[in-house]
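One structure below.
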Amino acid sequence: MLNQLLLYHMIFSDELVKWYNENKRDLPWRHTTDAYMIWLSEVILQQTRVEQGLPYFYRFAEKYPTINSFAAADEADILKLWQGLGYYSRGRNMLKTARMVRDEFGGKFPERYDDLIKLKGIGEYTAAAIASFSVNEPRAVVDGNVYRVLARYLGINEPINSTAGKKLFQATANDFLNMKNPGLHNQAMMEFGAMLCKPKNPACGICPVRIGCYAFVHNATTSLPVKLSKLKIKQRFFNYFLFTDADRVLMNKRGEGDIWANMYDLPLIETSTLLSPEELFALPETKKHFSERPEIVTISDVKKHVLTHQHLYIRFITIAKQPIEIKQKWGFIKVENLEKLPLSKPIFLFLDNFLN
DNA sequence: AATGCGGGGAA
DNA sequence: TTCCCAGCATT
């Protein structure tokens, strides 16, 4: 019996590659071995579904066809093109990496794992992906798909987000790597996980490797992979002020160390609970910003905006035009220049609705 | 080892 | 609602 299982494991990669060749999606980055283009696609696809990232890939590839054109961009330009995709540090790190490649690699994007891993925003997964897809360097990728496929196929109970689990899954992926064609093997593993061995309702009925699969044989696909607890959700209440002056809007540039770093939003008072307008304007922090109590024109309903780790309850308060002194370093932006600024999703939706 | 960082699609 | 997606950086 054990020998039989080992036999299945030996042809596991071949079966997946065969399945991949017959069922793969036609995606633009699968037609190139250009490390720069592969890097573009891989970073965009970090924690992001293919369907969501695809339009962004096209836009970036068109606007920045070379690493040097990317390196010459401003951070605001990159963030603007990244707008709506989330995890904006990816965009900021890409710019750092692009400039590093331009300045320290002579503008040729690295293709070897050991070079790639040193770059900003490139971790073990992305380095292995770029190296194997571009020059077939034998590095096994381990992403969410690979965790799931291996956990189910081998019946691994170790939590995928524990330190021991990460080491175990990386080692296991290395063992299974097809050394003849690492790039194809990696693509096949991930496509298989994304299309067939899905998180919910995996298509075991048409699975080419189910006969050797622990989870299929033991009916355990719903309990594998194992993942440790979830994080606590923080509740935050954002009171945004809309103050317009002729053809300008008072805007705020966000700092580092919080969500939406270096992006733009409106003047903001954050509270830990939901306050009435009266309570809000009685706050010392609010008074600090306005020399006199602003007149409220309209006040929106509180809208919930869900992030992975926090829930934002956002309210927009439109303030009447009056000769109040703005004491904060907020700045007026002309309406026609708003479209150049990188905006968070809720701010974009609000301004888009307000102005159009 | 634990936490922060977006937004959206699927069930 | 809950899960999780071609993860990484920081502390």
Side-chain angles (χ1 to χ4, degrees), chain A residues 20 24-25 27-30 38-57 79 82-94 96-97 116-133 139-149 159-167 169-170 173 183 186-195 197-202 222 225-234 236 254 256-263 265 304-312 342-349:
Chain A
Y20 175 74
K24 68 181 172 189
R25 290 168 289 183
L27 300 171
W29 46 86
R30 288 183 174 158
I38 295 170
W39 167 69
L40 215 50
S41 71
E42 288 304 333
V43 177
I44 286 173
L45 292 174
Q46 285 167 7
Q47 292 291 287
T48 304
R49 294 167 194 278
V50 168
E51 312 84 71
Q52 190 188 359
L54 196 52
Y56 287 84
F57 174 79
L79 288 175
W82 202 270
Q83 179 176 293
L85 193 55
Y87 284 158
Y88 298 94
S89 65
R90 291 183 289 173
R92 297 195 300 273
N93 283 333
M94 281 184 105
K96 291 177 189 165
T97 282
L116 291 161
I117 196 69
K118 297 172 188 160
L119 299 171
K120 280 286 181 188
I122 297 183
E124 287 182 47
Y125 163 77
T126 305
I130 298 173
S132 67
F133 299 162
R139 298 279 184 171
V141 297
V142 181
D143 74 335
N145 294 306
V146 176
Y147 279 123
R148 186 169 55 255
V149 171
I160 61 173
N161 54 345
S162 68
T163 303
K166 285 175 189 165
K167 283 177 68 175
F169 278 93
Q170 181 68 60
N186 282 336
Q187 293 272 17
M189 287 282 286
M190 291 192 288
E191 188 76 344
F192 179 77
M195 306 291 292
C197 196
K198 299 174 292 181
K200 289 172 184 168
N201 303 325
T222 54
V226 176
K227 195 170 184 178
L228 250 41
S229 66
K230 36 179 183 191
L231 33 86
K232 269 206 313 197
I233 305 285
K234 194 197 303 177
R236 303 172 72 180
R254 299 181 61 81
E256 309 269 2
D258 197 0
I259 58 173
W260 305 322
N262 297 355
M263 299 175 73
D265 59 2
K304 186 176 178 181
H305 184 75
V306 176
L307 306 181
T308 302
H309 46 287
Q310 48 189 286
H311 290 175
L312 309 180
L343 308 172
S344 66
K345 200 69 179 179
I347 296 296
F348 173 78
L349 289 177

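So that the names make sense, note that chain A is the first sequence line, chain B the second, and so on, each numbered from 1. Small disclaimer: the values here were computed from a predicted structure and weren't measured. What you see below is based on every heavy atom in this structure, not just the backbone, and it leaves out hydrogens, waters and symmetry mates.
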If the plane angle is over 60° it's perpendicular, under 30° parallel, otherwise tilted; pick one for H305(A) and W260(A). tilted
Donor-acceptor pair between R254(A) and S344(A) side chains, under 3.5 angstrom: no
Starting at CG of L79(A) and ending at C1' of dG6(B), how long is that distance when rounded to a whole Å? 13 Å
Length of the CD1-C1' vector between I44(A) and dG6(B), whole Å: 15 Å
Using the P atom in both, what is the distance from dG8(B) to dC8(C), to the nearest Å? 22 Å
Tell me the interatomic distance from K234(A), atom NZ, to dC5(B), atom C1', rounded to whole angstroms. 11 Å
Take the protein atom CG of L307(A) and the nucleotide atom P of dT3(B), then report the distance between them rounded to whole Å. 18 Å
Can you measure M195(A) atom CE to dA10(B) atom C1' for me and round it to whole angstrom units? 14 Å
Mind calculating the distance between OH (Y88(A)) and P (dG6(B)) to the nearest angstrom? 7 Å
Counting distance only, does the side-chain N/O of Q83(A) pair as donor-acceptor with the main-chain N or O of P342(A) below 3.5 Å? no
Taken to the nearest whole Å, CD/Q310(A) to P/dG7(B) is 10 Å
What does the B/S/- profile of nucleotides 4-11 of chain C look like, 5' to 3', with a 4.0 Å heavy-atom cutoff to protein? BBBBSSS-
Specify the residue among P346(A) and K166(A) whose closest nucleotide of DNA chain B lies further upstream toward the 5′ end. K166(A)
Whole angstrom is fine here: how far is it from CG in L54(A) over to P in dG8(B)? 16 Å
Distance check: side-chain N/O of W82(A) vs OP1/OP2 of dC5(B), anything under 4.0 Å? no
Provide the distance between the two P atoms, one in dA6(C) and one in dT3(B), to the nearest whole Å. 25 Å
Do P28(A) and L54(A) have side-chain heavy atoms sitting under 4.5 Å apart? yes
F133(A): ring-ring contact (aromatic ring centres under 6.0 Å, His included) partners, not counting sequence neighbours: none
Give me the distance, rounded to whole Å, that separates dT10(C) from dG7(B) when you measure between the C1' atoms they each carry. 22 Å
Taking distance alone, no hydrogens or angles, what donor-acceptor pairs closer than 3.5 Å link side-chain atoms of residues 121-130 of chain A to residues at least two apart or in another chain?
| residue | atom | partner | partner atom | Å |
| --- | --- | --- | --- | --- |
| Y125(A) | OH | E42(A) | OE1 | 2.7 |
| T126(A) | OG1 | Q46(A) | NE2 | 2.9 |

